[in-house]
Amino acid sequence: MIQLTFPDNSVREFAKGTTGADVVGGISKSLQKKTLAMALNGELRDLSDPIEENASIEFINREDPRALELIRHDAAHVMAEAVQELWPGTQVTIGPVIENGFYYDFKRDVPFSTEDIAAIEKKMRQLIERNEKFTKEIWSRDQAKAHFAEQGEHYKVELIDAIPADQTVKIYRQGEWLDLCRGPHLVSTGQIGQAFKLMKVAGAYWRGDSNNEMLTRIYGTAWSNEADLKAYLHMLEEAEKRDHRKLGREMDLYHFQEEGPGVVFWHHKGWQLFQNLTNYMRRRLADDYQEVNAPQILDKSLWETSGHWEWYHENMFVTETEDHRVFAIKPMNCPGHVQIFKHGLKSYRDLPLRMAEFGAVSRYEPSGALHGLMRVRAFTQDDAHIFCTEDQLAAECHKINDLILSVYKDFGFEEIVVKLSTRPEKRVGSDAVWDHAEEVMTEVLKQIEENSGGRIKTGILEGEGAFYGPKFEYTLRDAIGREWQCGTTQVDFNLPERFGAFYVDSDGEKKQPVMVHRAICGSLERFLGILIENFAGHFPLWMAPQQFVVAAITSDADDYAKEVHAALKAAGLRGELDLRNEKINYKVREHSHAKVPAIIAVGKRESEERTVSIRRLGSRNQVSMTLDEAIASMCEEATAPDLR
RNA sequence: GCCGGUAUAGCUCAGAUGGUAGAGCACCUGACUUGUAAUCAGGGGGUCGCGGGUUCGAUCCCUGCUGCCGGCACCA
């Protein structure tokens with residue numbers, strides 16, 4: 001006999017080898033009908049699995065968040081069955097669950113069209129209606145390989161070869177169709193329900209490797225009920241509405257054009273936004289950093305010394321002059337900063353030396369990677385390099401951490417994840433140096449998590465470090481729950497050595513400094529893109545490129561409107577004057593669309609009373625106040641958080 | 001870079017079995033002096049992304065290129 005512990009802590013005895021289905025069936029038929037799977041000691045399992053040992057047991061119903069994983073996974077299986085039923089000979093490869101849904105990768109010579117997608121979805125709904133039971137079988141490796149080889153499923157054969165020797169080969173059947181799968185699954189296909197939708201078709205490399213063949217991937221989303229599906233689709237629509245490419249055009253912030261793929265033409269308002277950000281960042285650096293500006297174009301030899309040439313020269317904009325010298329437009333600021341550090345002898349008294357630059361860098365990014373402001377070929381990093389001693393290293397990492405978190409907080413981002421990226425395969429420097437750098441950073445990471453009282457989550461990204469050193473990656477979560485990796489702190493024992501940078505220590509000896517590369521926003525262009533989407537264009541007043549518009553209601557009020565406009569400008573606020581011969585309705589509508597934070601309407605009444613009527617963006621009402629009150633309250637609100 | 005899609009006025013889009021195009025908004029002009037999300041009337045505006053081919057004729061068909069969109073890969 002075995003003992004099973006139920007969620008209410010009751011314990012009951014069952015025969016060894018009894019299945020989850022037996023157990024739940026013994027409790028009630030209605031519970032059995034609602035049950036999709038079970039969790040044994042917290043691990044999701046097929047309801048049909050025999051239970052061999054004492055365990056805690058939970059039954060998973062549709063409302064359980066863990067059910068989604070099963071629903072999505074099974075939807076992927078059904079999609080694969082649908083595709084093979086519609087187009088026999090299509091090879092199936094892998095079909096995992098992803099955030100919000102699932103996909104399956106197929107090998108088919110003809111690409112899937114939009115109509116095909118509709119047909120697949122229809123077929124899937126039929127297959128789900130059939131409500132076939134999922135049954136699991138354990139096959140021998142040879143048997144499985146022979147079966148899939150005979151079916152022409154060469155990718156499946158490869159997958160079987162990759163299964164570790166200590167694991168069994170599991171096959172799940174749904175009616176006539178079967179697939180290699182580690183499970184677990186629902187009881188039957190009908191439990192998937194109909195709250196799913198196929199979303200898009202895309203190419204994807206086999207095993208995620210660009211050297212491999214390209215397969216066709218079909219993405220789907222699946223939910224436990226229609227309401228959740230609708231909510232998800234609605235969220236996607238909302239995300240589309242705040243797309244920075246759309247808002248950038250509507251708000252007249254910037255544009256791109258064909259002659260400059262991936263390079264931004266900043267318009268006046270966008271550039272104001274850009275400057276609001278750089279001005280803010282400059283204030284945050286003023287106490288501890290010295291701002292510099294390194295050359296835009298430098299001889300190839302410098303990039304060879306840094307190692308960038310070896311790894312990245314194909315991604316650099318390179319130019320050769322008439323005298324056959326090869327120059328690269330800087331893709332990074334670090335070699336330039338090292339040159340500034342090296343100019344003149346540095347003493348241990350100069351350390352830590354924190355050198356900052358709003359560095360304009362250019363990288364020849366792959367054409368397919370370009371995406372609005374998020375991925376461009378010329379951008380500005382809020383970059384800095386800290387030259388310090390090893391003893392100072394941990395403290396510097398913490399200082400950077402504090403600054404990053406504080407900056408993010410000023411923009412309203414409080415949910416932050418910090419991950420340590422460790423040594424990559426492509427790297428410079430000895431293993432001993434890497435061991436040491438990773439050791440220091442692991443300790444700092446631990447402290448960051450502890451010091452935050454658990455508010456900051458941390459993690460490890462194996463093999464994701466830069467070629468010269470390990471790094472912390474800072475990820476923030478925006479207003480609609482999306483995550484963006486922005487800040488980075490990179491510890492570098494290698495570049496100072498390669499460039500021969502040193503300082504004179506207290507004992508008169510030359511010593512090599514440690515270099516810490518760090519960025520807070522990362523790419524300012526991208527950070528602004530993130531802010532545009534986060535705020536959906538409704539910037540807080542201190543960031544808004546245009547803070548107000550004074551709109552005259554009738555031409556009688558023109559003089560007063562000019563006076564109000566001038567007074568607000570004199571108070572340091574940014575805004576325009578709208579004296580056009582249009583109705584106030586028209587002006588309100590237009591300025592609301594342009595997302596101007598405050599529409600200040602003045603008519604005959606206001607000019608007589610020396611008041612203003614302010615309508616704030618997003619509000620359907622307006623408030624009346626004196627001009628002085630308006631200036632005071634607007635100025636207060638327009639003060640950047642670091643100046644409050 | 002790879003797979004798929006796509007490109008018509010400033011924007012959003014319609015259109016013709018192949019006979020050189022149209023709407024709304026925007027813009028310009030005029031009238032209206034207006035009280036919180038579109039006042040009315042008139043007008044101008046397009047090498048239909050770029051190059052080559054087929055054709056009597058191509059914006060439409062074929063082909064190459066470029067940009068953009070969705071993914072994949074990449075992201076010092």
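Any value given below was found using the heavy atoms of this structure, including those in side chains, with hydrogens, waters and symmetry copies removed. Throughout, a chain's letter reflects where its sequence line sits, starting with A, and its residues are numbered from 1. The model shown is predicted, which means the values in this text are computed figures rather than measured ones.
In this structure, of A76(B), G67(B), C72(B), it is C72(B) that holds the atom nearest to the side chain of Y205(A). Among the nucleotides C68(B), C75(B), C2(B), the one closest to the side chain of M214(A) is C2(B). Closest to the R605(A) side chain, of the nucleotides G35(B), G67(B), A37(B), is G35(B). Here the side chain of S592(A) is nearest to one of C72(B), G35(B), A37(B), namely A37(B). Side chain of R589(A), nearest nucleotide from A76(B), A37(B), C69(B): A37(B). Among C75(B), G35(B), A37(B), the nucleotide with an atom closest to any side-chain atom of N585(A) is A37(B). Out of A76(B), A26(B), U36(B), the shortest distance to the side chain of F467(A) is found at A76(B). Comparing A76(B), U33(B), C74(B) against the side chain of T554(A) picks out U33(B) as the nearest. Set against C27(B), U36(B), C72(B), the side chain of I553(A) has U36(B) as its closest nucleotide. When distances run from any side-chain atom of M316(A) to the nucleotides C74(B), U39(B), A76(B), the shortest one goes to A76(B).
C72(B) is paired with G1(B) under the criterion used here, namely a Watson-Crick or G-U wobble arrangement in which both key atom distances are under 3.5 Å. Remark: A21(B) base-pairs with no nucleotide in the shown strands. Criterion, Watson-Crick or G-U wobble with two distances under 3.5 Å. Across all strands shown, G51(B) forms a Watson-Crick or G-U wobble pair, both distances under 3.5 Å, with U63(B). Pairing for C40(B) is with G30(B), a Watson-Crick or G-U wobble pair whose two hydrogen-bonding atom distances lie under 3.5 Å.
At a threshold of 4.0 angstrom between heavy atoms, the contacts of R249(A) are confined to the sugar-phosphate backbone, with no base atom among them. Nucleic acid contact for K200(A): sugar-phosphate only, since backbone atoms but no base atoms lie under 4.0 Å from a heavy atom of the residue. Looking at heavy-atom distances under 4.0 Å, K604(A) makes contact with a base. Among the protein residues, H371(A) comes within range of the sugar-phosphate backbone only, with heavy atoms under 4.0 Å from sugar or phosphate atoms but none that close to a base. R616(A) comes within 4.0 angstrom of nothing in the nucleic acid, heavy atoms only. At the heavy-atom level, E213(A) lies nowhere under 4.0 Å from the strands shown. Within the nucleic acid shown, Y468(A) comes within 4.0 Å of sugar-phosphate atoms alone, with no base atom in reach, counting heavy atoms only. Within 4.0 Å of N315(A), counting heavy atoms only, lies at least one base atom of the nucleic acid. Residue-level contact check: S613(A) touches the bases, meaning some heavy atom is under 4.0 Å from a base atom. Using a 4.0 Å heavy-atom distance criterion, G208(A) is classed as a sugar-phosphate-only contact. When heavy atoms are screened at a 4.0 angstrom cut-off, K471(A) is found touching the sugar-phosphate backbone but no base atom. The residue S210(A) sits close only to the backbone: its heavy atoms come under 4.0 Å of sugar-phosphate atoms, none of a base. Using a 4.0 Å heavy-atom cutoff across all strands shown, Q622(A) reaches at least one base atom of the nucleic acid. Among the heavy atoms of the strands lying under 4.0 Å from Y219(A) are primed sugar atoms or P, OP1, OP2 only; no base atom is included.
Per the geometry, OH belonging to Y586(A) stands 18 Å off P belonging to U33(B), to the nearest Å. For R363(A) and G1(B), the CZ to P distance is 18 Å, given to the nearest whole Å. D116(A) has its CG atom 11 Å from the P atom of G5(B), to the nearest Å. Regarding L215(A), its CG atom lies at a distance of 13 Å from the C1' atom of A73(B), rounded to whole Å. Here C75(B) presents its C1' atom at 17 Å from NE2 of H313(A), a figure rounded to the nearest Å. What separates CH2 of W206(A) from C1' of C3(B) is a distance of 17 Å, to the nearest Å. Rounded to a whole Å, the NZ atom of K241(A) is 17 Å from the P atom of U12(B). Across the protein-nucleic acid pair, Q257(A) atom CD and G49(B) atom P stand 17 Å apart, rounded to whole Å.
Judged purely by distance below 3.5 Å, without hydrogens or angles, the side chains of E576(A) and Q547(A) never pair a donor atom with an acceptor atom. No hydrogens or angles considered: a donor-acceptor pair under 3.5 Å links the side chains of T221(A) and W223(A). N315(A) and E365(A) form no side-chain donor-acceptor contact under 3.5 Å, judged by distance and modelled atom types alone.
Each of A601(A) and E365(A) has a nearest nucleotide on RNA chain B; the 5'-most of these lies closest to A601(A). Comparing C334(A) and K583(A) by the nucleotide of RNA chain B that holds the closest heavy atom to each, the one mapping nearer the 5' end is K583(A).
G51(B) and U59(B) have their C1' atoms separated by 15 Å, with the value rounded to a whole Å. Distance noted for atom P between G67(B) and C50(B): 15 Å (whole Å). Spacing of C1' atoms, U36(B) relative to C11(B), comes out at 26 Å, to the nearest Å. Nucleotides G15(B) and G46(B) place their C1' atoms 14 Å apart, quoted to the nearest Å. Only the P atoms considered, A9(B) is 26 Å distant from G53(B), to the nearest whole Å. Taking the C1' atom of each, A16(B) and C61(B) are spaced 14 Å apart, rounded to whole Å. The same atom, P, is picked in U29(B) and in G19(B); the two are 38 Å apart, to the nearest Å. Separating the P atom of A73(B) from that of C3(B) is a span of 15 Å, rounded to the nearest Å.
Residues W484(A) and F413(A) keep their aromatic ring centres 6.0 Å or farther apart.
Residues G359(A) and K330(A) come closest through the heavy atom pair CA-NZ, 4.3 Å.
Between the CZ atom in R377(A) and the OG atom in S367(A) there is a gap of 6.5 Å [rounded to 0.5 Å]. Within the model, atoms CE of M281(A) and CZ of F358(A) stand 6.0 Å from one another, a figure rounded to the nearest 0.5 Å.
Aromatic ring orientation, F106(A) versus Y104(A): parallel (interplanar angle below 30°, classes split at 30° and 60°). Using cut-offs of 30° and 60° for the angle between ring planes, the H385(A) and F387(A) rings count as tilted.
Taking only distance into account, the side chain of R615(A) meets the base of A37(B) through a donor-acceptor pair shorter than 3.5 Å. Judged by distance alone, with hydrogens and angles left aside, Y364(A) brings no side-chain donor or acceptor close enough to the base of G1(B) to form a pair under 3.5 Å. Taking 3.5 Å as the limit, the base of C75(B) and the side chain of R375(A) contain a donor-acceptor pair of atoms between them.
A distance-only check finds no donor-acceptor pair linking the side chain of E483(A) to the backbone of L476(A) [under 3.5 Å].
For R580(A) and U33(B), the shortest distance from a side-chain N or O to OP1 or OP2 is not below 4.0 Å.
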